[in-house]
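To start, the structure itself, in structure tokens.
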There are 2 protein chains.
Amino acid sequence: MDSYQQLLIALRRINKATDIGAKRLAKDTGLTTPQLHTLQAVSDATSLTVGEVARAINLTLATTTSIINGLERKGLLDKHRDVSDKRRVIVSSTIAGNKLIQDAPKTLQDLLERRFGELETWEQSFVLAALQRVAMLLDAADIDAAPLLHTGAIERIGDNSTGNAVDNVYPAQAAGSK
Amino acid sequence: MDSYQQLLIALRRINKATDIGAKRLAKDTGLTTPQLHTLQAVSDATSLTVGEVARAINLTLATTTSIINGLERKGLLDKHRDVSDKRRVIVSSTIAGNKLIQDAPKTLQDLLERRFGELETWEQSFVLAALQRVAMLLDAADIDAAPLLHTGAIERIGDNSTGNAVDNVYPAQAAGSK
DNA sequence: ATATATTGATTTGATTATCGAATTAATAAT
DNA sequence: ATTATTAATTCGATAATCAAATCAATATAT
């Protein structure tokens, strides 16, 4: 087997492990996987527009809106309109949302950190440099090419009946039913 | 920023790139992402039991059954009972299923292969060794630890109304409605 | 400035994913 | 023979996901 094949296998293992990790964490925290990823993205960035969140988690705006509403209902995210451009809606993490991310049992991450920390300094640089190289190889395609690699699994969103807060989302026609 | 943080960032980039790749490919082939992963897993292995598929794609048996049924309806997978242990159902890829995987536009993979191939031999070994090390660090946790890393997105399954073939799935009670 | 196009987000409607719990059948253990 | 375990399916409920239609705000063109 050539080294490229081995590279793919290693990538799949990595993807699968992180996927398993994400699912466990989601379950532990009582969120779904897409909700967890969304909250994570917002929490990392402090505040993002809905569109930015969608790009970060790689889902459509429709889906993202729905996930965000779910998290808002749970009190983990807040939304408000951008004042300078009223088309935009800014999403930010609540205290509870940040706390949830902070307190989440990051088992995989801890383990990785511990083990990575156990490596000699030179080896750390070595591993890091290689990973960054791989990321670059893949990233270039990112914007415009794509497909396959992943052997792990994937995800989804949710309900929408009750609250689309943000004051009144479309102020101009408040509650008109079409 | 310490090198561990950079490691996480690199991993996220890798995960995101492969996620985007998988989604594009799924779309190109007219499958959903979980369907693609499932078909891929079965096609790689030639034949697997439903439980093995579930483990490979990291979903529950219930979900896996449903996805497999969808692929069966599309004529991409076949099912049949294991003769030596009739609890087991063996899933295998049809010609159409294999062809779909074969013919799939593996843009990301091609690009990665090309670029990886462009590296000097010593550098290939270097990158590969590092990736395998990371995979090991994560894998150990795999079975029993977990959480977070993934910044990409995830996936799902399908309908179940019409055909659950496999001759008659439960021969003993053929078509009784409970 | 008015009409036209573009952008950002939401809603709607339809499909698929996903899981837990209950069920069914087959095999294994006592 | 009972009893337990294992493998897969079904059912019911919820969440995810997207495309298309809609709505409002901003940008661009005429």
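At whole-Å resolution of the value, CG in B:Leu31 and P in C:dT15 are 18 Å apart. Rounded to whole Å, atom P of D:dT22 lies 18 Å from atom CG of A:Leu61. Summarising the geometry, the separation between NE2 on A:His80 and C1' on C:dG8 is reported as 15 Å, rounded to the nearest angstrom. C:dT11 atom P lies 12 Å from atom CD1 of A:Ile68, rounded to whole Å. Put simply, CZ on A:Arg87 is 6 Å from C1' on D:dA25, counting in whole angstrom units. In this entry the distance linking CD1 of A:Ile90 with P of C:dG8 reads 13 Å, nearest Å. The separation between A:Asn69 atom CG and C:dA9 atom P is 13 Å, rounded to whole Å. As rounded to whole Å, 10 Å separates atom C1' of D:dA7 from atom CZ of B:Arg55.
Inspection of the B:Asn15 and A:Thr18 side chains reveals an N or O donor paired with an N or O acceptor under 3.5 Å.
A salt bridge is defined here as a Lys NZ or Arg NE, NH1 or NH2 lying under 4.0 Å from an Asp or Glu carboxylate O, and A:Asp19 with A:Lys23 meets this definition.
Nearest to the side chain of B:Ala62, among C:dT16, D:dT10, C:dT11, sits D:dT10. When distances are taken from the side chain of A:Lys86 to each of D:dT26, C:dT11, D:dA7, the shortest belongs to D:dT26. Proximity note for A:Asp85 (side chain, C-beta onward) versus C:dG20, C:dA9, D:dT26: the nearest is D:dT26.
At least one side-chain nitrogen or oxygen of A:Lys79 sits closer than 4.0 Å to the OP1 or OP2 atom of C:dT10. Checking the phosphate oxygens (OP1, OP2) of D:dT9, a side-chain nitrogen or oxygen of B:Thr65 falls inside 4.0 Å.
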Enumerate, atom names and distances included, each donor-acceptor pair closer than 3.5 Å involving a side-chain atom of residues 94-105 of chain A, sequence neighbours excluded.
{"residue": "A:Thr94", "atom": "OG1", "partner": "A:Gly75", "partner atom": "O", "Å": "2.7"}
{"residue": "A:Thr94", "atom": "OG1", "partner": "A:Leu76", "partner atom": "O", "Å": "3.2"}
{"residue": "A:Thr94", "atom": "OG1", "partner": "A:Ala96", "partner atom": "N", "Å": "3.4"}
{"residue": "A:Thr94", "atom": "OG1", "partner": "A:Gly97", "partner atom": "N", "Å": "3.0"}
{"residue": "A:Asn98", "atom": "OD1", "partner": "A:Ser43", "partner atom": "OG", "Å": "2.8"}
{"residue": "A:Asn98", "atom": "OD1", "partner": "A:Ser93", "partner atom": "OG", "Å": "3.1"}
{"residue": "A:Asn98", "atom": "ND2", "partner": "A:Thr94", "partner atom": "O", "Å": "3.4"}
{"residue": "A:Lys99", "atom": "NZ", "partner": "A:Asp103", "partner atom": "OD2", "Å": "2.5"}

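When the nearest nucleotides of DNA chain C are assigned to A:Lys27 and A:Val50 by heavy-atom distance, the more 5′-ward of the two goes with A:Val50.
Within the nucleic acid shown, B:Ser84 comes within 4.0 Å of sugar-phosphate atoms alone, with no base atom in reach, counting heavy atoms only.
Checking B:Asp78, B:Val53, B:Ile90 one by one against B:Ser47, the side-chain contact (heavy atoms from CB on, under 4.5 Å) holds for a single residue, B:Ile90.
The main-chain N or O of A:Thr49 is found under 3.5 Å from a side-chain atom of A:Glu52 such that the two form a donor-acceptor pair.
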